[in-house]
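Structure record follows, encoded as structure tokens.
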Amino acid sequence: MGTKTSTHFFVMKSPQKIVKILWISFASGLVLLMLFVFSVMINLFNLYGKIPGIEVLENPKSELAAEVFSSDYVSLGKYYRTYNRTPVELSEIAPIVVNTLIATEDVRFYNHSGVDFKGTFSIVFSALMGKKRGGSTITQQLAKNLFKMRDAEEYEGVISNNMLVVKVKEWITAIRLERAYTKKEIMMMYLNTVEFGHNSYGIKAAARKYFNTTPDKLTTEQAALLIGLLKGPSYYSPTRYPERSLNRRNTVLGQLVKYGYLSEADYKIYKEKPLGLKLTADDHNSGLAPYFRNYIKPTLIKWCKENGKNLYQDGLKIYTTIDSRMQKYAEEAVNKHMSYLQKKFNEHWKGRAPWTDAEFKEVKGFIERLAKQTPTYKQMKKEGHSESEIMKVLNTPVKMTMFTYEGDKEMTMSPIDSIKYVMHFLHTGMMSMDPKTGHIKAWVGDINPEYFKYDHVKQGKRQPGSTFKPIVYATAMELKNLDPSYQVMDVPVTYTLPDGKTWTPKNSNGKYSNDYVSLKQGLARSLNPVSAYLMSLVGPDSVVAYARRMGIESELESGPTLCLGTSDVSVYEMVNAYSVFVNEGYWVKPMFITRIEDKYGNVLEEFKTESRAVLNEQTAYNMVQLLMGSVEESGGTSTALKHTYKIPGEVGGKTGTTQGNADGWFLGITPDLVSGVWVGGETRQIRFRTMEYGQGAKMALPIWGLYMQKVYADRSIELSKKFKVPETISIRQDSTAIPGDSLIDESEYEREELSPTDFNDYSRN
């Protein structure tokens, strides 16, 4: 009977009971869920970790790359540690990008308040049916991207890594974001922070990386490819898996049709199109002026440290003095001439090693010494490997990518052979500056920033040869009140040094005119006896002092050979010194940066020009006339600027070649630009054997000529073509002097021991 009663109870009571239990269970579950959500929200007992508060939401930390701009507002490149990200306004993004994102990722974006509960329940239902699908809204994804609550230490708790806890925290953050920002602001923030693969964060970086364009110019099929990447940037990478990426792009195009953003007819056209990639490097070596950007980076890091900023994540905008047009022309000139010169150099040394001694015989052990400086050698030596084991590895061919002027090439060669290959390359440094403001307009540190990191503008220092002579001339004209017409005899003169030795300066061709020449002719022809005579008039200590005033900071040996440019200096220093002549005797400190702004465009600091008078106006003007003589005078070393490169207007310059043709220099002046070029090998032992190409007029001057040709041809660049004539100048009458009239003060040479042979080795034009 008890059994019958029990059966009757279940038959009669069960449906109501079950419904009641279900409602109680649902209500209890809902209450528990609400309590759970509340406990997560308040971080009960620090179990779940913190959630971003209102103040954090209103100022979210997003690692934004600092961007460097030219003086004409062209982006030169970026500084970033991890994320290559630069923000743009929503108005700068093509509408099709927004529509594609909504159709693909969050069709109810404008209807929910951060969490799409309808979509969430659909996910649960799909999961029960054995199907996987995503359901995070754009706002939830933004919360995930901005705050990284799964990884950030500031949001850690006892069980903070639990997936349910993470999801709830993202829900709460998404709802708070919706309250703090408009839908447009959320859309903009999302498109500026999401990852598109290949270290491209944000739509601006992605548009440039994959299509070399800007977000406002993205087409429908391009937008579909980029938004398609969001499902898996690596899995759908168009460079690694093009077919997979194409299918994903077409799926996204289908979503546009499904939600009315694209017609069926257009879909059929777009889906047949290829990927159309125009891949663009967007790393630290790409863009204009990479050597310049690398040079100013330590200065910027120091400034950031002093001003409480972070160069790599605060989205700073750095405005430099570089002119993008001039920089482009400088890089083109360097590439054109250096590729040509390299071919000549390779032909010149074909079948022979270019690293040679004074008699042009191969330096034995040269490559082996370099091999011992490689990381491989040092590491194997540290691990205890024998010399024979190390050399076996260094002589084993392997595949490697090497630089060529035709583009990177994969080659098979041993590490030893790769050293030989690299040592054949000639190098260069070029800088162009406005002499009146000190603004650096162009800076090329070498032939390729990826393979050759050393910067030959500021880091590299080599003997300047005859390009140093104008500093000697300026010192003598300033202290002895000389002018360009002052006459000196071009004859061999022997000077007696304090130790009793003698030296006789020779001209580069070993000949003398045995006649009077003016200072203008002497500098134009780069006559060594004239420079030596002027040095004897004022003494090397005076020349050193004036060189310091004009911007030469490197150590200078105060001896007789200084007049022929035997102390190492940089291109940067020489350009700075020559600028004094054009700037009416005023030295101006070279300027790199004009101002720094925050990510909102607020000016954080502006930088000003520093200057001081170092020469009188008359001397400076006279030096301009002397340098113009190098171009205009018969026998001048820079006449090619007029008859070959046809540089318009008034122009001056000075070539320089050092001992054994190791270094070729050219310093050129125009009314608004002073530019310097150095060309040479990795070491002084690597050079041309003859003066046919191994001289400043053939190695360096052509780069200057090609550069100025393009600068003057660009009508958007306004440059003067005539040097300013100061109102205070006077014209002097001709005067004469014979070298030897003023002997060198013996007291000035007590530290110098120099034989005639030593001096004559440096007697180069």
Check: Met591 and Thr609 side chains under 4.5 Å, non-hydrogen atoms: yes
Atom NZ of residue position Lys336 - does it have more than 12 heavy atoms of other residues, nucleotides or ligands inside 6.0 Å? no
Taken to the nearest 0.5 Å, the spacing of Ser675 OG from Ile703 CD1 works out to 11.5 Å
Using distance alone, with no hydrogens and no angle criterion, decide if Lys461 and Ser570 have a side-chain donor and acceptor under 3.5 Å apart. no
If we only count heavy atoms from C-beta on, is the Thr321 to Lys441 side-chain gap below 4.5 Å? no
Give the C-alpha distance, both sets of side-chain angles, the deciding distance and a yes or no for side-chain hydrogen bond (donor to acceptor under 3.5 Å, both in side chains) between Gln342 and Asn346. CA-CA 6 Å; Gln342 189 64 53; Asn346 293 342; 3.1 Å; yes
Considering residues at least two apart in sequence or located in another chain, which fulfil the side-chain hydrogen bond (donor to acceptor under 3.5 Å, both in side chains) criterion with Ser716? Arg325, Asp714
Polar contact flag, side-chain donor to acceptor under 3.5 angstrom, Tyr707-Ser432: yes
Apply the test side-chain hydrogen bond (donor to acceptor under 3.5 Å, both in side chains) to residues Asp323 and Gln327: give CA-CA distance (whole Å), side-chain angles for both, the deciding distance (0.1 Å), then the verdict. CA-CA 6 Å; Asp323 184 295; Gln327 180 66 34; over 6 Å; no
Taking Ser526 as the fixed residue, which of Thr637, Leu564, Thr467 is the one that meets the side chain to side chain contact (heavy atoms under 4.5 Å, CB included) rule? Thr637
Taking atom types as modelled and ignoring hydrogens, do the side chains of Asn622 and Thr619 form a donor-acceptor contact shorter than 3.5 angstrom? no
Has Ser630 got a side-chain atom pairing as donor or acceptor with Gly653's backbone, closer than 3.5 angstrom? yes
Could you check if a side-chain atom of Leu673 sits within less than 4.5 angstrom of a side-chain atom of Val711, using non-hydrogen atoms only? yes
Report the C-alpha separation of Asp672 and Lys436 in whole Å, then their side-chain angles, then the decisive distance to 0.1 Å, and conclude whether the salt bridge (Lys or Arg N to Asp or Glu O under 4.0 Å) test is met. CA-CA 8 Å; Asp672 295 318; Lys436 300 177 183 65; 3.4 Å; yes
Would you check if the side chain of Lys654 reaches a backbone N or O of Leu627 as a donor-acceptor pair within less than 3.5 Å? no
Under the criterion side chain to side chain contact (heavy atoms under 4.5 Å, CB included), I'd like the reasoning laid out for Lys302 against Thr299: C-alpha separation, chi angles, the key distance, then a yes or no. CA-CA 5 Å; Lys302 181 183 178 186; Thr299 300; 5.8 Å; no
Can you find a pair of side-chain heavy atoms, one from Asp515 and one from Asp490, that are under 4.5 Å apart? no
Once rounded to the nearest 0.5 Å, what's the spacing between atom CD of Gln463 and atom OG1 of Thr561? 8.5 Å
With no hydrogens and no angle check, just 3.5 Å: does a side-chain donor-acceptor pair link Lys469 and Ser466? yes
Run Lys721 and Glu650 through salt bridge (Lys or Arg N to Asp or Glu O under 4.0 Å) and show every step you take. CA-CA 6 Å; Lys721 294 183 180 178; Glu650 294 184 334; over 6 Å; no
Is there a donor-acceptor pair under 3.5 Å between the side chain of Ser720 and the backbone N or O of Lys722? no
Any idea how Phe452 and Phe403 line up, ring-wise: parallel (<30°), tilted (30 to 60°), or perpendicular (>60°)? perpendicular
Tell me whether Glu573 contacts the main-chain N or O of Glu553 through its side chain, where contact means a donor paired with an acceptor under 3.5 Å. yes
Distance col, row Thr475:OG1 vs Lys480:NZ, nearest 0.5 angstrom, shows 12.0 Å
Can you list everything that forms a ring pair (Phe, Tyr, Trp, His ring centres under 6.0 Å) with His439? Sequence neighbours excluded, please. none
Any donor-acceptor pair under 3.5 Å from Arg293 side chain to Leu76 backbone: yes
Please check this pair: side chain of Lys646 against backbone of His643, looking for a donor-acceptor N/O pair closer than 3.5 Å. yes
Quick one: does any side-chain atom of Ser75 pair with a main-chain N or O of Phe69 as donor and acceptor, under 3.5 Å? no
Would you call Lys328-Glu332 a salt bridge at under 4.0 Å N-O? yes
Between Phe688 and Phe345, ring centroids under 6.0 Å: yes
Can you see which heavy atom on Glu331 is nearest to which on Ala289, and at what distance? OE2-N, 2.9 Å
Of Tyr645, Tyr329, Trp665, Phe666, which meets ring-ring contact (aromatic ring centres under 6.0 Å, His included) against Trp704? Phe666
Under the ring pair (Phe, Tyr, Trp, His ring centres under 6.0 Å) test, residues paired with Phe592 that sit two or more places apart: Tyr295
Kindly state whether the ring of Trp678 and the ring of His456 have centres lying under 6.0 angstrom apart. yes
Does this structure show an ion pair linking Asp568 with Arg462, if we count only N-O contacts that are shorter than 4.0 Å? no
For the side chain of Arg549 and the backbone of Trp587, is there at least one donor-acceptor N/O pair under 3.5 Å apart? no
Would you say NZ of Lys278 has more than 12 non-hydrogen atoms from neighbouring residues, nucleotides or ligands within 6.0 angstrom? no
In short, Pro215 meets Val88 closest at the heavy-atom pair CG-CG2, 4.4 Å
When you compare the side chains of Asp72 and Ser70, does any donor N or O come within less than 3.5 Å of an acceptor on the partner? yes
Please give me the minimum heavy-atom distance between Ile552 and Ala577, naming the atom from each residue. CD1-CB, 4.2 Å
So do the side chains of Leu479 and Ser542 get within less than 4.5 Å of each other, counting heavy atoms only? yes
Heavy atoms only: give me the nearest Met430-Val457 pair and the separation to one decimal. O-CG2, 3.3 Å
Closest non-hydrogen atoms of Gly676 and Val575, given as atom of the first, atom of the second and distance, are N-CG2, 3.4 Å
Apply salt bridge (Lys or Arg N to Asp or Glu O under 4.0 Å) to Glu67 and Lys204, showing your working. CA-CA 12 Å; Glu67 192 159 12; Lys204 184 175 181 179; 3.7 Å; yes
Distance from Asn583 atom CG to Ser611 atom OG, nearest 0.5 Å? 7.5 Å
If you define the side chain from C-beta out and look only at heavy atoms, does anything of Glu632 sit under 4.5 Å from Lys520? yes
Hey, is the main chain of Asp663 close enough, under 3.5 Å, to the side chain of Thr658 for a donor-acceptor pair? yes
Heavy-atom check, side chain of Leu719 versus side chain of Thr670, under 4.5 Å: no
Between Asn661 and Tyr693, is any side-chain donor less than 3.5 angstrom from a side-chain acceptor? no
Check: Tyr210 and Leu279 side chains under 4.5 Å, non-hydrogen atoms: yes
So, are Glu610 and Lys608 salt-bridged, with charged N and O less than 4.0 Å apart? no
Would you name the heavy atoms of Val571 and Gly429 that are closest together and state the gap between them? CG2-O, 3.9 Å
Gap separating the OG atom of Ser531 from the CG atom of Leu519, nearest 0.5 angstrom: 9.5 Å
Short side-chain to backbone donor-acceptor contact, Thr657 and Gly664, under 3.5 Å: no
